[in-house]
Amino acid sequence: DTEVTQTPKHLVMGMTNKKSLKCEQHMGHRAMYWYKQKAKKPPELMFVYSYEKLSINESVPSRFSPECPNSSLLNLHLHALQPEDSALYLCASRRVGTDRNTGELFFGEGSRLTVL
Amino acid sequence: GENVEQHPSTLSVQEGDSAVIKCTYSDSASNYFPWYKQELGKRPQLIIDIRSNVGEKKDQRIAVTLNKTAKHFSLHITETQPEDSAVYFCAASGSGTYKYIFGTGTRLKVLA
């Protein structure tokens, strides 16, 4: 199984809503990532979890709240978002080696978020 | 922090011609350099990668070269085909970090 599965594929929410994006992988990868991608732009790193602990937070606003309940799951909780937060949110995972750098990021298909 | 510059931002080639995309990185600790292809509405997918202990790597029509001294690496696609049309991203990552920084992307159009 080399799949990273993200749900939902599409999400429309108002600025006062609370919603969550979910990501799941069963490849035994112990590093999991959230990226935000706007149209015609590269993926922009938001958070990295390694061994279920938050390793990197790229100064993301607190209206985005990540969670890693176990080694297979990664959530992104959304609250009080702004229209400019509309984007494709990509989850990715990769194997962790002794130098923390062992290659390929496997991406999910993404969750396309629209904030009204 | 790490920064990856990518050029050109758009590239149009005739079918059968070669395409070259170049990236420059800033962090000398970077030691892993992948290239991703992202088709419209799809996820980025790895097409080739290279580590800092290797100067060149080839896989059929695609190749990547690395110049550590100059801190740049390039993607070469030969005999381009219409299905090569996509956005290509380079990236860089370093030992001892989970950071994985993408270049700004190149939109490649292969004209039939």
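What you see is a predicted model; the values in this text were computed from it and never measured. All chains are named by letter (A, B, ...) in the order of the sequence lines, taking the proteins before the strands, and each is independently numbered beginning at 1.
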For the pair B:Asp27 and B:Lys99, find out whether any cationic side-chain nitrogen is under 4.0 Å from an anionic carboxylate oxygen. no

Under 3.5 Å, side chain of A:Lys18 to main-chain N/O of A:His79, donor-acceptor pair present? no

Common cluster, A:Trp34/B:Phe102, ILVMFWY with side-chain heavy-atom separation under 4.5 Å: no

Does any heavy atom of chain B fall under 4.5 Å from the side chain of A:Gln37, the backbone, both, or neither of them? side chain

Choice from A:Ser50, A:Gly110, A:Ser55 maximising heavy atom contacts with chain B below 4.5 Å: A:Ser50

Should A:Glu52 and A:Arg30 count as an ion pair when the cut-off is N to O under 4.0 Å? yes

Side chain from CB out, backbone as N, CA, C, O: work out which of these in B:Gln6 comes under 4.5 Å of a heavy atom of chain A, or both, or neither. neither

Whether A:Glu3 and B:Arg43 form a salt bridge (side-chain N of Lys/Arg under 4.0 Å from carboxylate O of Asp/Glu) is what I want to check. yes

Looking at A:Ala31, A:Ala92, A:Pro43, which has the largest count of heavy-atom pairs under 4.5 Å with chain B? A:Pro43

For B:Pro34, is it the side chain, the backbone, both, or neither that has a heavy atom closer than 4.5 Å to a heavy atom of chain A? neither

